[in-house]
Amino acid sequence: MRDIIVIGGGASGMVAAIMAARKGARVKVLERMQRVGRKLLATGNGRCNISNRRLDASHYHGGRPEFVSNLFKVFGLEQTLAFFGDLGVCVQEEENGKLFPASQQASSVLDVLRYEMAQLGVEELCDAVVHSIERGRSGLRCVCGDGRFFEAESVIVCAGGKSSPNLGSNGGGFKLAEALGHTIVEPFPSLVPVRLDAPYLNQIAGVGLNGRAEVWVDGKLECEETGDLLLAKYGISGTAILQLSRAVSECTLRNRDTQLRIDLFPSLSKAALAGLIHDRIEKMPGKTTDFSFVGLIHKRLIPILLKTAGIENAQRPCGDLTPADVDRLVAAMKAWTLPCCGTQSWMFSQVTAGGVDVSEVNPETLESKIAPGVYFAGEVLDIDGDSGGYNLQWAWTSGAVAGSCAAAAMREQ
Ligand SMILES: Cc1cc2nc3c(=O)[nH]c(=O)nc-3n(C[C@H](O)[C@H](O)[C@H](O)COP(=O)(O)OP(=O)(O)OC[C@H]3O[C@@H](n4cnc5c(N)ncnc54)[C@H](O)[C@@H]3O)c2cc1C
């Protein structure tokens, strides 16, 4: 019997442990929290967006996004659904290909993973914070902060990134990898609310919109997304913003000029919007300018958009607006520009971009090229996905590959 230690009982760690144990390894999971799977319970607002029907490499980022394609050939969507199907989890598809357990409960995913680990004799050791991985005479030794140590032939580092440290992953995996000689691509938060630099945010905090948001970097369009936008005292969040936040996070970190442009009426051309406004003015020329927009624009946004368009006297009749005033208003409504000054902290981020440089990891087995016998899986690697189930899918795929390969390598010895 050969031993494998999995550091981290998160999504990738539990799958790695199951796959290694199924191949006959004796597996211990060392978890720093009081219980495994804390983050998994919080995923998908407690519903666990387990994967995505539209899985392909275009949804991944990092040093080498093509790295994921080969691994998906081994353990992709089909294998993931079969894996969970065998454990009893049926999935349901929602918008944009998102897959959720039919139970709508993240806890059910955790329950079946833990049940399978128990069936296979995987040992869960909680409150075990691994501080170092050392090479001993008989293999590798994981030393915990409280002095306990555990030995094994192989170690799979599944310690996650730095996002939402209250749920377990606090960057400890990067330190373990760095101490072994690995390069860590500078981590930054992704899938995180964006901070904006605008004086009027207090006035519009809580306003929800549905529009198109674009990220402009050094005067060029970087990426765009249509969907929910939610203004807040610090800036903005919502599904569309989370998806764009990676670009904002990286570009503001590198001190590049980063702006958000919001189109409040993405389905209308500029000419159509101008026509709509002129019609309203014609119908009710005596209304004050600000009141004439009630019913078209969120009331709290009206004074801000008027100011942005250089219309100072909101109390004058809207019939006094000139065609040039309307054009400037249309420009403000179609490209409301807000400077970005960063993102919310790690505490509010769902995913970590950056991590262990994948060029230092065997692309087929996920074994370290620097420290033989050490494997990596999940968010600790420099791979991150879009929102929509792609990050958990990476955790399942990389965990399955690392677990199987670590166990298979020991059998070959
Ligand atoms: C609120 C929230 C919602 C999310 N929702 C979704 C979603 O619906 N769909 C999706 O695809 N993705 C989602 N994600 C992202 C997804 O949860 C992560 O990408 C995924 O959990 C990463 O898996 P992992 O195993 O690499 O790391 P983690 O799940 O973070 O697990 C790492 C584990 O390692 C442990 N650990 C860390 N350091 C040590 C150490 N030194 N010693 C011992 N143990 C250690 C941690 O305590 C933790 O349990 C969400 C993330 C958050 C925060």
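Remember, it's 1-based here, ligands and their atoms both numbered in the order they're listed. Here the structure is a predicted model, which means the values were calculated and not measured.
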Check each atom of ligand 1 against the heavy atoms of [X] and keep those under 4.0 Å away; list them by number with element.
| X | result |
| --- | --- |
| Lys39 | 17 (O), 21 (O), 29 (O), 30 (O) |
| Gly378 | 26 (O) |
| Ala42 | 1 (C), 3 (C) |
| Ala395 | 23 (O) |
| Gly44 | 5 (N), 6 (C), 7 (C), 8 (O) |
| Gly8 | 33 (C), 34 (O), 35 (C), 44 (N) |
| Leu30 | 43 (C), 44 (N) |
| Gly168 | 37 (C), 46 (C), 47 (O) |

Considering only non-hydrogen protein atoms, determine which one is nearest to [atom] and report residue, atom name and distance to 0.1 Å.
| atom | answer |
| --- | --- |
| atom 44 (N) of ligand 1 | Arg32 N, 3.1 Å |
| atom 47 (O) of ligand 1 | Glu31 OE2, 2.5 Å |
| atom 31 (O) of ligand 1 | Gly10 CA, 3.3 Å |
| atom 27 (O) of ligand 1 | Gly160 CA, 3.5 Å |
| atom 15 (C) of ligand 1 | Gln350 O, 3.8 Å |
| atom 41 (N) of ligand 1 | Val130 O, 3.0 Å |
| atom 26 (O) of ligand 1 | Glu379 N, 2.8 Å |

Taking non-hydrogen atoms only, is [X] closer than 4.0 angstrom to ligand 1 via side chain, backbone, both or neither?
| X | result |
| --- | --- |
| Ser12 | both |
| Tyr390 | backbone |
| Ala159 | both |
| Ala128 | backbone |

Could you check if a side-chain atom of [X] sits within less than 4.5 angstrom of a side-chain atom of [Y], using non-hydrogen atoms only?
| X | Y | answer |
| --- | --- | --- |
| Phe72 | Val401 | no |
| Leu77 | Leu99 | yes |
| Glu214 | Asp263 | no |
| Cys48 | Leu392 | yes |

Self-check item: Distance-only donor-acceptor check, side chains Ser169 and Lys39, under 3.5 Å
Solution: yes
Self-check item: Distance-only polar pair, side chains of Ser249 and Ser190, donor-acceptor under 3.5 Å
Solution: no
Minimum-distance pair of heavy atoms, taken over all atoms of [X] and [Y]:
| X | Y | result |
| --- | --- | --- |
| Val122 | Ala21 | CG2-CB, 3.7 Å |
| Leu201 | Gly235 | CD1-N, 4.0 Å |
| Ser359 | Arg64 | CB-NH2, 3.7 Å |
| Phe174 | Pro187 | CE1-CG, 3.6 Å |
| Asp290 | Gln315 | OD2-NE2, 3.0 Å |
| Arg246 | Ala353 | NH2-CB, 3.6 Å |

Quiz item: Taking 4.0 angstrom as the limit, do Arg38 and Glu31 come out as a salt bridge?
Solution: no
Quiz item: Would Arg47 and Glu94 satisfy salt bridge (Lys or Arg N to Asp or Glu O under 4.0 Å), going step by step from the backbone distance to the final call?
Solution: CA-CA 12 Å; Arg47 295 197 302 131; Glu94 296 189 8; 2.7 Å; yes
What do you reckon, does [X] have a nitrogen or oxygen under 3.5 Å from a nitrogen or oxygen of ligand 1?
| X | answer |
| --- | --- |
| Leu392 | yes |
| Ser164 | no |
| Thr43 | no |
| Asn170 | no |
| Leu167 | no |
| Asn391 | yes |
| Asn49 | yes |

Exercise. Check whether any side-chain N or O of Asn166 sits under 3.5 Å from a backbone N or O of Met347 as a donor-acceptor pair, and report yes or no.
Key: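 Not a single qualifying donor-acceptor pair exists.
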Exercise. Kindly determine whether Trp396 and Ile50 satisfy side chain to side chain contact (heavy atoms under 4.5 Å, CB included), including the steps that lead there.
Key: CA-CA 9 Å; Trp396 313 134; Ile50 202 165; 3.8 Å; yes
Proximity flag [X] to ligand 1, non-hydrogen atoms under 4.0 Å:
| X | value |
| --- | --- |
| Gly172 | no |
| Met33 | yes |
| Cys158 | yes |

Quiz item: Do Phe348 and Tyr234 have their ring centres less than 6.0 Å from each other?
Solution: no
